[in-house]
Amino acid sequence: YEYDHVVTNGAQAELEKKLSSHWKMINGLDVYADDIESSAFDATAGGSTVKPKRGLYADGSSMLAISVFSHHQLRFGRFDITGGLRANKYAVNIPDTLFGEVSLRPFALAADAGIMYAINEKWKLTAGISTGFRTPNVNDLSSFGKFDFGTEVPSPDLKPEKSFNKEIGVKMVTEKTYLLLSAYHNNLTDLIDRVRSTYEGDSMINGDKVYTKANVGNAVIYGFEAEYYTWLSSSFRIMSHLTYTYGQNKTAYEPLRRIPPVFGRLTGEFHRNSFFAALDWTWAGEQKRLSSGDIADHRIDPEGTPGFGIISFRSGYTYKFLSIEAGMENMLDQAYRMHGSGIDGYGRYIWVRTSFRF
């Protein structure tokens with residue numbers, strides 16, 4: 001038997017100020033705190049306690065996060081400029097009598113800056129950079145127990161992850177058409193991931209392989225996104241999007257875990273007065289670039305995840321305060337699974353929704 005209880009309290013405050021006709025500022029403060037109760041015990045079939053055990057987390061663990069930020073938006077002629085700075089302070093306390101106490105007090109500054117240039121009324125160019133920071137949380141530092149493809153032991157010596165992202169894009173907007181093309185390149189350092197380990201000198205626990213989290217080194221993620229829609233008439237429009245992602249662990253010379261394959265969606269929508277109907281084609285390519293962690297994960301085929309295409313239909317009508325919508329998902333009843341998911345997607349099914357507005 002295992003019991004885990006997490007209580008999170010948080011607060012946020014923001015102040016928005018227009019300093020001039022060209023300059024707007026947003027300042028803010030975020031605070032949240034996690035407090036964790038965790039326990040476990042073995043019992044006989046009759047229910048009597050046999051042996052108290054450590055829970056999934058160290059009982060009494062806590063995490064406090066405080067961040068202060070200032071973000072600015074400026075406009076000069078054809079240029080829109082944005083920039084901001086966020087100060088982050090964390091306090092992680094883990095009173096672990098089995099694996100040793102942890103007291104982590106990281107601090108980091110994260111920044112972002114962006115610029116958009118209007119070539120004309122239709123076309124705009126964008127570019128931006130940003131830094132990121134993620135401190136190890138209680139789960140990263142003290143998790144002890146089974147997960148999807150093994151047993152994890154605590155990792156009290158983790159360091160924060162950091163990232164540096166760059167992106168560029170082009171946008172076109174008219175009365176009937178919208179187009180967005182963007183590409184990004186993100187460098188990750190001190191990346192946290194699971195690696196093979198031992199517990200009390202053994203690489204197996206009750207038949208499970210032993211893992212722990214570690215700062216595995218440097219990695220890169222890059223890709224592009226495309227989004228497009230256009231009205232072919234006053235009643236009919238076509239919408240589509242496409243996403244491609246590539247991830248590589250540069251230290252381990254292998255792909256990053258759970259990188260999605262190329263995927264997208266194509267939708268045709270018809271609108272007339274209070275009636276609409278839409279036909280969707282949602283698709284994904286195959287993903288055969290697997291990390292060692294993907295191959296060890298029983299939810300992922302070691303040969304890779306096959307691609308798929310799903311057709312769905314939805315329609316609706318609104319009359320005054322009453323709206324009725326219905327649809328059929330996965331009309332061809334295709335078998336499929338999203339890469340990295342632990343369950344297969346739904347087969348063919350029908351749904352109906354009714355809404356009343358007052």
Side-chain angles (χ1 to χ4, degrees), residues 30 63 65 67 69 71 82-90 92 102 104-114 126-143 147-150 152 154-169 182-197 211-225 242-263 285 287-297 299-300 304-305 338-341:
D30 298 329
M63 179 173 177
S67 64
F69 67 89
H71 195 265
T82 61
L85 189 67
R86 178 183 290 266
N88 304 277
K89 178 65 178 178
Y90 297 86
V92 184
V102 176
L104 195 62
R105 299 289 187 274
F107 172 82
L109 292 173
D112 70 274
T126 63
I129 59 173
S130 61
T131 61
F133 171 87
R134 189 183 80 85
T135 190
N137 56 36
V138 173
N139 181 71
D140 294 324
L141 295 164
S142 74
S143 178
F147 65 98
D148 299 306
F149 55 90
E152 185 173 11
S155 320
D157 299 322
L158 291 176
K159 297 182 293 184
E161 295 177 314
K162 301 180 181 67
S163 69
F164 179 47
N165 187 64
K166 297 80 63 183
E167 61 182 283
I168 57 173
S182 63
Y184 70 93
H185 185 280
N186 194 2
N187 282 311
L188 305 168
T189 56
D190 291 324
L191 184 70
I192 296 175
D193 200 0
R194 289 190 177 102
V195 297
R196 289 296 306 274
S197 185
Y211 288 82
T212 190
K213 289 191 175 77
N215 295 102
V216 297
N218 301 328
V220 62
I221 301 176
Y222 60 81
F224 65 84
E225 297 183 26
L242 172 72
T243 300
Y244 169 79
T245 308
Y246 180 92
Q248 181 73 10
N249 186 328
K250 296 194 295 184
T251 303
Y253 301 103
E254 68 172 16
L256 277 179
R257 287 195 63 205
R258 296 188 183 180
I259 294 296
V262 60
F263 66 92
Q287 180 56 287
K288 292 189 174 182
R289 292 192 72 250
L290 304 180
S291 70
S292 55
D294 289 332
I295 295 173
D297 192 335
R299 298 168 300 177
I300 299 176
T305 302
M338 300 291 289
H339 181 64
S341 173

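Only this structure's heavy atoms are used, side chains among them; waters, hydrogens and symmetry mates stay out.
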Show the nearest heavy-atom pair for residues [X] and [Y], with the distance to one decimal.
| X | Y | answer |
| --- | --- | --- |
| Asn215 | Pro160 | ND2-O, 4.4 Å |
| Ala219 | Asn249 | CB-CA, 4.0 Å |
| Pro255 | Arg289 | CG-NH2, 3.5 Å |

Could you tell me whether a side-chain N or O of [X] sits under 3.5 Å from a main-chain N or O of [Y], the two making a donor and an acceptor?
| X | Y | answer |
| --- | --- | --- |
| Thr212 | Pro154 | yes |
| Glu225 | Ser182 | no |
| Asp294 | Arg258 | yes |
| Asn187 | Phe164 | no |
| Thr126 | Ile168 | no |
| Ser155 | Lys213 | yes |

**Asked** Who pairs with Lys162 by side chain to side chain donor-acceptor pair (under 3.5 Å), at least two apart in sequence or on another chain?
**Response**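 Not a single residue meets the side chain to side chain donor-acceptor pair (under 3.5 Å) criterion with Lys162.
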**Asked** With Ser163, which residues qualify under side chain to side chain donor-acceptor pair (under 3.5 Å), at least two apart?
**Response**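 Checked Ser163 against side chain to side chain donor-acceptor pair (under 3.5 Å); zero matches.
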Say you draw a straight line from [atom1] of [X] to [atom2] of [Y]; how long is it, rounded to the nearest 0.5 Å?
| X | Y | atom1 | atom2 | answer |
| --- | --- | --- | --- | --- |
| Gln287 | Ile259 | CD | CD1 | 8.0 Å |
| Lys288 | His339 | NZ | NE2 | 13.0 Å |
| His185 | Tyr246 | NE2 | OH | 10.5 Å |
| Tyr211 | Glu152 | OH | CD | 11.0 Å |

**Message:** Please evaluate residues Phe133 and Glu161 with respect to the criterion side chain to side chain contact (heavy atoms under 4.5 Å, CB included), reporting the C-alpha separation (whole Å), side-chain torsions for both, the decisive distance (0.1 Å), and the verdict.
**Reply:** CA-CA 6 Å; Phe133 171 87; Glu161 295 177 314; over 6 Å; no
Do the non-hydrogen side-chain atoms of [X] and [Y] ever get within less than 4.5 Å of each other?
| X | Y | result |
| --- | --- | --- |
| Leu256 | Ile221 | yes |
| Leu141 | Pro156 | no |
| Tyr253 | Thr251 | no |
| Leu188 | Val220 | no |
| Tyr184 | Asn165 | yes |
| Ser291 | Glu254 | yes |
| Ile192 | Val216 | no |
| Met63 | Leu104 | no |

**Prompt:** Are more than 12 heavy atoms from other residues, nucleotides or ligands located less than 6.0 Å from atom NZ of Lys166?
**Reply:**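 Counting other residues, nucleotides and ligands, NZ of Lys166 exceeds 12 neighbours.
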**Request:** Would you check, one step at a time, whether the test side chain to side chain contact (heavy atoms under 4.5 Å, CB included) holds for Phe69 with Asp30?
**Result:** CA-CA 9 Å; Phe69 67 89; Asp30 298 329; 4.1 Å; yes
**Arg257 vs Asp193, side chain to side chain contact (heavy atoms under 4.5 Å, CB included): CA-CA, chis, key distance, verdict** = CA-CA 9 Å; Arg257 287 195 63 205; Asp193 200 0; 3.6 Å; yes
**Message:** Quick check on side chain to side chain contact (heavy atoms under 4.5 Å, CB included): which of Asp140, Asp190, Val92 does Leu158 satisfy it with?
**Reply:**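 For Leu158, the side chain to side chain contact (heavy atoms under 4.5 Å, CB included) check succeeds only for Asp140.
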**Asked** What's the verdict on side chain to side chain contact (heavy atoms under 4.5 Å, CB included) for Phe263 and Met338, showing C-alpha distance, side-chain angles and the deciding distance?
**Response** CA-CA 10 Å; Phe263 66 92; Met338 300 291 289; over 6 Å; no
**Message:** Check whether Tyr90 forms a cation-pi arrangement with Arg105 (NZ or CZ under 6.0 Å from the six-membered ring centre, at most 45° off the ring normal).
**Reply:**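 Output no; distance or angle outside limits.
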**Request:** Check the pair Asp112, Arg86 against salt bridge (charged side-chain N to carboxylate O under 4.0 Å, His left out), reporting the backbone distance first and the verdict last.
**Result:** CA-CA 9 Å; Asp112 70 274; Arg86 178 183 290 266; over 6 Å; no
